[in-house]
2 protein chains.
Amino acid sequence: MNWDDYRYFLAVARCGRLTEAGKQLSVDHATVGRRVKALEASLGANLFDRSPQGYQLTDAGQRLVDIAETMETSVIESAAEVGGKGQVLSGAVRIGAPEGAAAYLIAEAATEICRAHPLLELQIVALPRTFSLSKREADIAIAVSAPDSGRLKYRRIADYTLHLYATRAYLERHPDINSVADLKKVRGIGYVPEFIYDKELDYMPLISPTIKPHLTSTSVHVQLEATLADGGLCVLHDFMAAQHPTLVRVLPEEVSFTRAFWFIVHEDYARLERIRVVSEGIIESMRKRLAG
Amino acid sequence: MNWDDYRYFLAVARCGRLTEAGKQLSVDHATVGRRVKALEASLGANLFDRSPQGYQLTDAGQRLVDIAETMETSVIESAAEVGGKGQVLSGAVRIGAPEGAAAYLIAEAATEICRAHPLLELQIVALPRTFSLSKREADIAIAVSAPDSGRLKYRRIADYTLHLYATRAYLERHPDINSVADLKKVRGIGYVPEFIYDKELDYMPLISPTIKPHLTSTSVHVQLEATLADGGLCVLHDFMAAQHPTLVRVLPEEVSFTRAFWFIVHEDYARLERIRVVSEGIIESMRKRLAG
DNA sequence: ATCGTTATGCGCAATTTTGCACAACGACCA
DNA sequence: TGGTCGTTGTGCAAAATTGCGCATAACGAT
């Protein structure tokens, strides 16, 4: 019997593949396979259906996930409970965030935190999708809406506003934009519809049901760069647009959105010293920047 | 990080010594020491005060015990939850019991259980003291009183009776025993007072406050053998005395005790298949024998 | 239909972990 | 006070574990 096998099991259950689990655990996939097999032997039960597509949990395996997760909770709690008071912070903290926030709000805060805690390793994962904190894809998440499920703690960081932007040059070439109705005639830049992972990001229908962007991207940076290259009109975060003097707001009275960033952390991690330090730093920094 | 280190930690915390923990885990004490040291390093905290007298938990270690125990609960639960339905029972079950019950009531039941489940290993620990199921000194305990603490499940197995016995030969040589008062004049056999681990076993003061046995032992078997050797009068379990035709009851009306055996199992273990099988077998067998 | 990709499983060499012998230290007893 | 017992801690050889390369099988694209 080896309690560590439960850790390997959990990784495979979450990844669905030996190879990926091995990568996550920093061991060879063969090792992961052997440990899982050992656990199955010790419990006398099949935990996975194996196939070239990966490892699929059996019913028994599914039930074991809950159990292994309470073990994981204990392990994390132990670090918070007895973990090195007063000693230098170390370890990795992975932050999942929308790219806009990641680049314009979090990057600098992260830099400062790293400077203050040299042994702390920060990973900022800026992907255009939500993160599963339950599956431990990230330790901390910044999102545009509050979560509704799981053992998660969350709080509102701050509101932010978005407006329609274009370059001064573009607007000079299209002087006939005076109302929302006129927007249908011009080029719009926006998200690729099927990649809108949060309904809070779906601005276009809110401007007008018939409007459709002509240039779309999953990345707000691409949208920004396209806009800066006189590519058209685009709904952008004010905190991003403020950095670029060539951008001006279009119909700021008629088109204006207010959204909020939410801070989310798994209950288990909330008490960890290094998570707390990073959380506080990022929230404080984001609030300062979004207020100013 | 290695979850298995928590298992080593827990053993040391319970034993208080590397050597004993190693024995319990079937590994060398050096290994135990190394694993504990690794856990301390990974948590960045001192868990034990080390001395040539053993390992003493620090405050941090004390707090970690609770956490490690919930992990242990999870591991045990996992065996019950997904554990091999339908497959051959195996593993060890350790039963703590008073020696009298162990030899005269449990031994035979255990033999049958072993025959029915060849891979099952039964350990009957018959020691003149109570067992700490919480410290996992045994999986199942038979006791003469119900427990009052801990996460334990228990139920009354059956009542049993005790009487005062002596051999026919001894009584013929001492015909003048007609009342409780006469008992002070003759030789008594009983427990060594300071080894009476449960007040339910302290029969002598109940017969008469002034009575004192002349030959005492921590073992009921020694008491029985002494009685059989015409050593005197002794309070014996009826189920034991019944096996020996030379024994007769003395003052059966005046001196008669009724006690009960209790079955105790740790909550965590109660659901385990092999524990259930052994429990049922022993309880059923004990009830049959105590009724007949 | 075939090829390329990606997955698991197995045998062998390298590394890590473990067990053993011994030293050091304090407690207890005569 | 000196000897014995039981404990922890360390160096070194053996054993178990791990990583790597290759074989094999299934799926999707061309």
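Note that this is a predicted model, so its numbers are computed, not measured.
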Q.
Using a strict threshold of under 4.0 Å (side-chain N to carboxylate O), is an ion pair present between B:R276 and B:E273?
A.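 So B:E273 pairs with B:R276 through a salt bridge.
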
Q) So does B:R34 pair up with B:D28, basic N to acidic O under 4.0 Å? A)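 No, this pair does not count.
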
Side-chain N or O of [X] closer than 4.0 Å to phosphate OP1/OP2 of [N]:
X: A:K37; N: C:dC10; value: yes
X: A:Y8; N: D:dT17; value: no
X: A:R35; N: D:dT18; value: yes

Over how many whole Å does the gap from [X] atom [atom1] to [N] atom [atom2] extend?
X: B:R50; N: D:dT10; atom1: CZ; atom2: C1'; answer: 14 Å
X: A:D5; N: D:dA16; atom1: CG; atom2: P; answer: 17 Å
X: B:N2; N: D:dT17; atom1: CG; atom2: P; answer: 13 Å
X: B:H29; N: D:dT7; atom1: NE2; atom2: P; answer: 10 Å
X: A:K23; N: C:dT6; atom1: NZ; atom2: C1'; answer: 11 Å
X: B:D28; N: D:dA14; atom1: CG; atom2: P; answer: 16 Å
X: B:F48; N: D:dG9; atom1: CZ; atom2: P; answer: 11 Å
X: B:L18; N: C:dA24; atom1: CG; atom2: P; answer: 19 Å

Taking the minimum atom-to-atom distance to the side chain of [X], which one of [options] wins?
X: B:A30; options: D:dT7, D:dT10, C:dT8; result: D:dT10
X: A:Y55; options: D:dT8, C:dG9, D:dG19; result: C:dG9
X: A:V27; options: D:dG19, C:dG19, C:dG26; result: D:dG19
X: B:T19; options: C:dT8, D:dT7, D:dT10; result: D:dT7

Q: Walk me through it: do B:E137 and B:R94 pass the test salt bridge (Lys or Arg N to Asp or Glu O under 4.0 Å)?
A: CA-CA 8 Å; B:E137 292 176 349; B:R94 179 176 299 187; over 6 Å; no

Q) With A:E69, which of A:R7, A:R14, A:R151 fulfils salt bridge (charged side-chain N to carboxylate O under 4.0 Å, His left out)? A) A:R14

(Q) I need the minimum non-hydrogen distance between B:Q123 and B:A92, along with the two atoms involved. (A) NE2-CB, 4.3 Å

Q) If you find the nucleotide of DNA chain D closest to A:S26 and the one closest to B:P52, which residue's nucleotide is nearer the 5' end? A) B:P52

Q: Pick base, sugar-phosphate or nothing for A:R34, based on heavy-atom distances below 4.0 Å to the nucleic acid.
A: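 Contact class for A:R34: base.
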
